[in-house]
Structures are given as C-alpha cells and as structure tokens.
2 protein chains.
Amino acid sequence: MQIQDSYGFLLAKVEEEMEALFTEYLRKLHITAPQFGVLQHIEQYPNASQIQVSEALFIDRTTMVAHVDHLEKIDLIKRVRNPNDRRSFGLTVTEYGVSALKKGRKQLNKTENSVLSVLDQDEKGHLKSILKKVWNSIQEGEHDGKN
Amino acid sequence: MQIQDSYGFLLAKVEEEMEALFTEYLRKLHITAPQFGVLQHIEQYPNASQIQVSEALFIDRTTMVAHVDHLEKIDLIKRVRNPNDRRSFGLTVTEYGVSALKKGRKQLNKTENSVLSVLDQDEKGHLKSILKKVWNSIQEGEHDGKN
DNA sequence: TATTGTTATACTCTATAACTATA
DNA sequence: TATAGTTATAGAGTATAACAATA
C-alpha cells in the first residue's frame, strides 16, 4: 500500500488544504485558524477562562496564552479579571471581534464548500458524521493530561 | 454552529490523534511520521530523487533535505549521486531501513484500527473513499508552485 | 537560463518545566 | 497543596529567498 492511501496521510493533506485556504483569508483579519476557533468559542461562552477554552478546544494552555495575547492586542477580545477568583480572567469578544467573526464564519462556509465541492450532499453528511463519531470516541478514551 | 463541528476542526483533531499515536511508536525507530512516509516511498520507488519524493508526497524540498539528512544519518537510507545527472541523488533503503519499514507498517495498521475502532467496515470504507475523492480533486485543482 | 540540492531564516503549533499569584 | 496564568525553552513542519553545482 502506498503511504498516500493511508488514513493519516489523507486526513493530514485534506486538513492542510482546508486550513491553508482559510488561513489565507484570515490574514485580512490578522488571525490564524486556531485563533478564529478561540474567538468563536469565547463569543459562544462569554466570560470563559483561558483554561476552559483550552479544555473545550484541546489547545495547550501555554499556546492559549499566545492566542489570547494576540487576540487582545488587536482588540478582538478583552481579558477581565474574575472578581470571584482573581487567578483567572473572564474573556469576552469586543464589538470589533463580533464583526470579524461574522466575516470569518461566512468565509469558513465558503472554504469548506470549495474544498469539498467534489462531494455530493450525502457524502458530505457521511464525512461529518463519521469524523464526529471518531472524534467523540477519542475524547471518551482520553484519560491522560494532554491539556 | 460550534467550531468543534467544523470539518477543519474534526479533520485536524482526528489527524492529530492518529499521528500522535503513530509518532509515539516511531520514537523507537528514531523517526517521525512524515519521515516514515518518505522511507516507504523510497522503498517503493528506488533511486527516486529528493525532488521526486517531494512532489509525490507534497513535502517542501527544503523540508525534504532535513528528512533525508536524518534518515541517512541513522542508516535507514543511502544517497547515491546520479551519474546521468550529477545534480541529483538516487535514494535507496538500506537493509536496516527495510526492517524498520516492516515494523512501522505493522504499527501503522494497529494505530489506524485503534483510532477508527468505533467505525464499522462500511464506515471505514466510506471514510477512505471520501477522503481519496477529496484529495484527488485537490491535486487536480493544484496549479500553484507550492512544492 | 533552468534545475537539484542546500543553507539561512522566520513563523506557527506543540509540549515540558518552572515560576507567580492566588485559592 | 492545588490551580490559573505566565515565561522560557525546545522540537517539528512549513515557507521564502538566495546560493553552488550542474544541466
């Protein structure tokens, strides 16, 4: 079997293509794909702490510091010290962050449709449900301190 | 929609899990997952040049230098100057490289089956055929000088 | 002039360890 | 003692530019 037919190779290359296209667009917003994910998560769960976002998105907390630093620096989010536990921050999206999210979501749809344009609706549905099934099983099986 | 339900997130996380597990095993062989791919490709196409491997696996040629340097250093492959075109090398797998490949392939199967164990045979087949379909369409659409 | 391989450089993500301030 | 956030550091992949040797 060729390495190009392995699941790992195919997953990696399709993912790379999708991320590369999305990243190219996101340059206009001065953020990367993982940073867009962080931004979207903060909008959905306002006042989440950095650790909470880290655990939800499976991003290391040291990487999260860099993402949050950057998003705050370009005024897409704010850190507000949590008065009930002064070790942590509550993260919130700014007005400017909301408008960036709207643009980003629109483009994410475009990018996904473009990369997967060769698939019909059934195949797209299969792909997503299969990936979610696998990812759920990975999460349930997780017991080490990766994050 | 949550970012955790996007194709990009799911592809990235499932790929990360598969690569992390495989990489953990490959530490015994002192190579990474991309290096295993390079090794396997050289076995299948003996005397391929670095550029040829780069183009087949969509790995940048400057990254390829580092991979080939490493694989040669630990005696899994050899560089032999091509007498017909002295700019390039012919790459071949050593005896030791062949035995590493056997172990690696065995583990790759185990890893894939483990990560995808939640899927039935039909679903595994769907996943692979869908990923190949998408990857083929990406390759055909490629026209820039990424590699 | 073009191509193969190489080097230098820079950026992003990942991961570990150790630190601080707070609990 | 434990947790949230931070800093320092290192490793891996990716990408661009520029160079030498060769075609």
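Residue numbers begin at 1 in each chain, while the letters A, B, ... track the order of the sequences.
- With D:dA15, D:dG5, C:dT7 as the choices, the nucleotide that has an atom nearest any side-chain atom of A:Arg61 turns out to be D:dG5.
- Between A:Leu26 atom CG and C:dT12 atom P there is a gap of 13 Å when expressed in whole angstrom units.
- Checking C:dG5, C:dT6, D:dT7 against the side-chain heavy atoms of B:Thr62 singles out C:dT6 as nearest.
- Between A:His126 and B:His126, the ring-plane angle classifies as parallel under the 30° and 60° cut-offs.
- Atom CE in A:Met64 sits roughly 11 Å away from atom P in D:dT6 (whole-Å rounding).
- Among the nucleotides D:dT16, D:dA23, C:dG5, the one closest to the side chain of B:Arg87 is D:dA23.
- Residue contacts for B:Ser88: at a heavy-atom cut-off of 4.0 Å it reaches the sugar-phosphate backbone alone, with no base atom in range.
- A:Thr32 comes within contact range of the sugar-phosphate backbone alone, with a heavy-atom separation under 4.0 Å but no base atom that close.
- Closest-nucleotide positions on DNA chain C for B:Ser49 and A:Asp85 were compared, and the one nearer the 5' end corresponds to B:Ser49.
- In the model, A:Tyr45 has no side-chain atom that pairs as donor or acceptor with a side-chain atom of A:Gln40 under 3.5 Å.
- With sequence neighbours left out, the side chain to side chain contact (heavy atoms under 4.5 Å, CB included) criterion links B:Asn47 to B:Thr92.
- Rounded to an integer number of Å, the gap from CD of A:Gln50 to P of D:dT7 is 10 Å.
- Taking the ring axis of A:Tyr7 as reference, the NZ or CZ atom of B:Lys128 stays within 45° of it and closer than 6.0 Å to the ring centre.
- Nearest-nucleotide positions on DNA chain C place A:Ala33 closer to the 5' end than the other of A:Arg81 and A:Ala33.
- If you measure from atom CD of B:Glu16 to atom P of C:dT12, you get 17 Å, rounded to the nearest angstrom.
- The nucleotide whose nearest atom lies closest to any side-chain atom of A:Thr63 is, among D:dT14, C:dT14, D:dT16, C:dT14.
- Here the C1' atom of nucleotide C:dT14 and the CD atom of A:Gln35 are 15 Å apart, to the nearest Å.
- For A:Arg86, the side-chain atoms get nearest to C:dT22 when compared with the rest of C:dT22, C:dG5, C:dT6.
- Protein atom CZ of B:Phe9 is 15 Å distant from nucleotide atom C1' of C:dC13, rounded to whole Å.
- Atom CD of B:Glu24 is separated from atom P of C:dT14 by 17 Å (rounded to the nearest Å).
- No engagement by A:His70 is indicated, since no non-hydrogen atom pair under 4.0 Å with the nucleic acid exists.
- Using a cut-off of 4.0 Å between Lys/Arg side-chain N and Asp/Glu carboxylate O, A:Lys133 and B:Asp120 are scored as not salt-bridged.
- Remark: P of D:dT3 and CZ of A:Phe89 are 19 Å apart, rounded to the nearest angstrom.
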